[in-house]
Student: 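Handing you this structure, nothing more for now.
Quick caveat: nothing in here was measured; it's all calculated off a predicted structure. Numbers restart at 1 for each chain; the letters A, B, ... are given by sequence-line order, proteins then strands.
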There are 2 protein chains.
Amino acid sequence: MLFYGFCVILKSNRFGKRGITVRLTISDIAKKTGYAKSTVSAALNNKPGVKPKTREEIQRIAAEMNYIPNEFARNLSMQTTNTIGIIVRDITNPFYAKICRAIENTASEHAYTTLILNTDGIREKELNAIRVMSGQMVSGVIIDISGKDTDLLMELNKFGLPFVVFGTTAGELAADSVEADDYNGAYQAAEYLYSCGHRKIGFVHGGMESVYSQRRLRGIRKALEHNGIELEEKYIFYKAKTIQEGYLMGKKLVNFEDLPTAIIAYNDLVAVGMIRALEENGRQVPDDISIIGFDDIELMTFPLTTVQIPEYEMGEKAAELLFDKIMGKASGRPREILLDTELVVRKSVKRLL
Amino acid sequence: MLFYGFCVILKSNRFGKRGITVRLTISDIAKKTGYAKSTVSAALNNKPGVKPKTREEIQRIAAEMNYIPNEFARNLSMQTTNTIGIIVRDITNPFYAKICRAIENTASEHAYTTLILNTDGIREKELNAIRVMSGQMVSGVIIDISGKDTDLLMELNKFGLPFVVFGTTAGELAADSVEADDYNGAYQAAEYLYSCGHRKIGFVHGGMESVYSQRRLRGIRKALEHNGIELEEKYIFYKAKTIQEGYLMGKKLVNFEDLPTAIIAYNDLVAVGMIRALEENGRQVPDDISIIGFDDIELMTFPLTTVQIPEYEMGEKAAELLFDKIMGKASGRPREILLDTELVVRKSVKRLL
DNA sequence: TTGAAAGCGCTAACAA
DNA sequence: TTGTTAGCGCTTTCAA
C-alpha cells in the first residue's frame, strides 16, 4: 500500500537529513547543464544575450528535471513580488467572492497571484491585514473601504504600498478608486417604488458611517423629493449588513405600528434575512410588503427586485488600475471609476396603482 | 490637496533613486540600536539568550520605527513559509467560501496566511495551481479532489508538498482527508422522501466521476432498496453542479413525460437553478414536484429541505490535520475524518401520504 | 555569449 | 550576552 503525503527527497540534502524536502535550485540546473547560474537564469527568463541553442538546452533540461523557481528568492532578489493583496470584509459574501474572482482572473493574466485577507470590518483586523500585506511584500493592494477610513489609507501609504480602493476617497483626499453608482441605483429604486404607487418607503441602511449607505440614502431621498414626498425619519431603519441582521430587522418590523409599504434593503443579504423573518411571521412579500435589494446576488431563489451592482467588472477595473500603478503606467492624477448600476425588476414589489 | 497612492520614501535608497520605496530592514534597526543584526533578530523573535533590557529596547525602537520584517527573506532563510495553499473549484460557491474562511481563521491562529487558487475543476488549472503553490513554497496545501484525481496527489507528492484532501483517496492510495458522510446524508434524504410517500424519486448528479456523486447515488439507492423499491435509471439525471446547469436541467425537466415526484439535487445551487426554471414554467415546488438539496447554503430564501454539510468544521479539521503534518505531529498512518451530515427539513417536500 | 561575484533581508551556527 | 559570518535561491552587474 502506498501512502501519500510523506515528504519526498527530491534532491539529497547537504547534511543528508532524511525526510526533509529539498527542492531543486538553479544551481542544480547549472551543474547538470554545465553552464553558470547566471546563464541558466538568463535562459530561463528569456533574457537576451543567450545563444539560442544554449537557451533551448537549458530550458529543456530544466523542464525535464521539473525545476520550479523559488519565488521567494526571486522576489527577494528583485525586490518585488508577483502577488497583489485583497482586503475585504468577508469572502463568504458572494458579492466579495465575485470581486475576488475577477481580481484573481485579471491578476493571473499578469502571472500574479492574490492574497486575500478578511477583516469582518473590524479595525484591528484591517490594520493587521495591512501589516501582513506589507510583510508579504505584495506589489499592491485592493481594499474595500466603506467609510471615511482615511487612516487605513494613511497606513497603506506609510508602508509605501500602492493601492486601489473600492469606495470613495472623500473630500480632499483622493486615490484611484472604483465604485458603483449607488446614488443613481437608489434613486432608480425609489423612483420605481413611487411609480408603483408606494408612498411610504423605508430604508434599512448598512451603518451610516458607510458612504454607500449615505449615498443610497441620498438617492432615495432625492427621488422622493422629486416626486414631492419626503422620506420620513422613522422609516430609516437601523443598520443591517448580513442575513442575520436582516433577519432581526425583519422580526422587529413585524411589531411595527405604522409599517411602510415598501422597504429598500442595504443589500440582498439583508433582504433575504428580512424576507425570511417576515414570512415566518405570516407576512408575504410582496403582498404585504414590498422589498428591493442591492447587489443582485446570483444565488437567489426569491424573485427579488434589486439594484444590480457590476461586481465582476468592479474587480476587473480595480485590478487594471492597480496594475497600471504597479507598472508605472498610471498618470499623476487619481482616477475614479464609476460604474453604472441597473434596477432589475422581478417580483418583490407590489403594484399599488 | 493631498494625493494618496504615490510611493513614499521610507528610507533613502543607496542610489538615491527617487520615488522608489525602500523598506526598513533589520540592519536599520541594528544601526539605530547599536546592536548586531543577529541580536536584533533574536530579540524580535523572542528567542532566548537576549538580555531582557536589550530585548525590550530593540522591540521598542523597532515598533517606533514601524519596522516590519520581510517575510520573503525570512522564509528564504528558514526554508519554510507561513502560508498554506488552498486549491478549490470556485470560491464563488458559498460552500467553498465557508471552507476557506474556516481554514483562514485556523491558519491565522498559527500566524499563517492562506493562498487560495480557483481551478473551476479544470485539470490544466489544477496542475498549474500546484506549480504555483510549489513556487510560493507554501508549507502545505489543502485540496478538493472530487474524483479519483490520484495524479494530482502524485503531483503534489512530486513537489514534496504536504497536503490534506477533501474527498476520498480511494482504494490503495491514502492520504489525510476530511469529508462529510455523503452516503448517509443521501440515505436519509431518500428515506425521508419515502416516508413522505414518494416512490418515484430522481437524482441529479454532479458528474459520475465525482466520488460525492457516486456515494450519494449509492445512499439513495440503498435507502430505496431498503424500502423495497428501485431507483429507476431514467430518473438518474445528467450532471449539474452550478445554478446555470441546474436551471438548464429544470428547463428539460418541464418537458419530461414521466416526471418523478421528488428529486434530490447534487447541491443547493443546482436545486436553486431547477426551482427557478420550474417556477418560470408554472410548476410549483413542492406542490408539483418536491426537491431536496445538499450543502445547506445560508443564502436561501426558499425553504429548501437539504442535507447539511458542515463546511466550517470541514475547513477547520482540514487545517488542523495539515498543521499537525507541517509541525511533524502527524502519526504515520493517514487519518480520514468523516463528519456527520444532517437532513434539515424545511418546506420543499410535499407529503403525499 | 558566458561566468564570477555580490547582494536582496533574514536566520543560525559559532566565536568572542 | 552579543557579534561575526555564512548562506537560503535567485538576479544582476561587470569582467572575461
Student: Rounded to whole Å, please give me the gap between CG in B:Leu44 and P in C:dT11.
Tutor: 8 Å
Student: When you check the phosphate oxygens OP1 and OP2 of D:dC10, does a side-chain N or O of A:Ser41 lie under 4.0 Å from one of them?
Tutor: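 It does not, given that no N or O in the side chain of A:Ser41 lies less than 4.0 Å from OP1 or OP2 of D:dC10.
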Student: Could you please name the option among D:dC10, D:dT2, C:dC10 that lies closest to any side-chain atom of B:Thr39?
Tutor: D:dT2
Student: Take the protein atom CG of B:Leu76 and the nucleotide atom P of C:dG9, then report the distance between them rounded to whole Å.
Tutor: 12 Å
Student: Can you find a side chain N or O atom of A:Asn45 that sits less than 4.0 Å from OP1 or OP2 on D:dT11?
Tutor: yes
Student: How about B:Thr83 and B:Thr113: does a side-chain donor come under 3.5 Å of a side-chain acceptor?
Tutor: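 No.
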Student: Could you give the CD1-to-P distance, from A:Ile26 to C:dG3, as a whole number of Å?
Tutor: 12 Å
Student: Between D:dT2, C:dT2, C:dG9, which one does the side chain of A:Val50 approach most closely?
Tutor: C:dT2
Student: Hey, does the side chain of B:Lys37 come within less than 4.0 Å of D:dT5's phosphate (OP1/OP2), counting only N and O?
Tutor: no
Student: Below 30° counts as parallel, above 60° as perpendicular, anything between as tilted: where do the rings of B:Phe323 and B:Tyr112 land?
Tutor: perpendicular
Student: State whether the distance check finds a donor on one side and an acceptor on the other, under 3.5 Å, for side chain A:Ser77 versus base C:dG7.
Tutor: yes
Student: State whether B:Tyr67 places a side-chain N or O below 4.0 Å from either non-bridging phosphate oxygen (OP1 or OP2) of C:dC10.
Tutor: yes
Student: Give a yes or no on whether the backbone of A:Phe72 and the side-chain of A:Asn70 come within a donor-acceptor separation of less than 3.5 Å.
Tutor: yes
Student: If you define the side chain from C-beta out and look only at heavy atoms, does anything of A:Gln136 sit under 4.5 Å from B:Asn82?
Tutor: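 Yes, their side chains come closer than 4.5 Å.
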Student: Between B:Arg123 (side chain only) and B:Leu152 (backbone N and O only), is there a donor and an acceptor less than 3.5 Å apart?
Tutor: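 Not at all, since once roles are kept as given, no pair shorter than 3.5 Å links the two residues.
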Student: Assign each of A:Ala36 and B:Lys47 to its nearest nucleotide of DNA chain C by heavy atoms, then name whichever residue's nucleotide is nearer the 5' end.
Tutor: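 The residue whose closest nucleotide sits nearer the 5' end is A:Ala36.
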Student: Between P on C:dG9 and CE on B:Met65, what's the gap in Å once rounded to a whole number?
Tutor: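 For the pair B:Met65 CE and C:dG9 P, the rounded distance is 14 Å.
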Student: Starting at CZ of B:Arg74 and ending at C1' of D:dC10, how long is that distance when rounded to a whole Å?
Tutor: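 One finds 20 Å between C1' of D:dC10 and CZ of B:Arg74, rounded.
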Student: Mind calculating the distance between NZ (A:Lys31) and P (D:dC10) to the nearest angstrom?
Tutor: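 Spelled out: NZ on A:Lys31 to P on D:dC10 is 12 Å.
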Student: Kindly say if B:Gln79 contacts the phosphate of D:dG9, meaning a side-chain N or O under 4.0 Å from OP1 or OP2.
Tutor: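 Checking D:dG9 against B:Gln79, a side-chain N or O does come within under 4.0 Å of OP1 or OP2.
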Student: Quick one: A:Asn82 CG to D:dC10 P, roughly how many Å, whole number?
Tutor: 14 Å
Student: Name the closest nucleotide to the B:Pro52 side chain, picking from D:dT1, C:dC10, D:dC10.
Tutor: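 For B:Pro52, the side-chain atoms sit closest to D:dT1.
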Student: Could you tell me whether A:Phe72 contacts a base, only the sugar-phosphate backbone, or nothing, with contacts defined as non-hydrogen atoms closer than 4.0 Å?
Tutor: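 Result for A:Phe72 = nothing.
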Student: To the nearest angstrom, how far is B:Asn46 atom CG from C:dT11 atom P?
Tutor: 12 Å
Student: Is there a donor and acceptor pair closer than 3.5 Å between the side chain of A:Ser38 and the base of C:dA5?
Tutor: no
Student: Run the side chain to side chain contact (heavy atoms under 4.5 Å, CB included) test on B:Val138 and B:Ile84 for me, step by step, so that the C-alpha distance in whole Å, both residues' side-chain angles and the decisive distance to 0.1 Å come before the verdict.
Tutor: CA-CA 5 Å; B:Val138 298; B:Ile84 65 178; 5.6 Å; no
Student: Check every strand shown and say whether B:Gly34 touches a base, only sugar-phosphate, or nothing at a heavy-atom separation below 4.0 Å.
Tutor: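 Counting heavy atoms under 4.0 Å across all strands, the contact made by B:Gly34 is with sugar-phosphate only.
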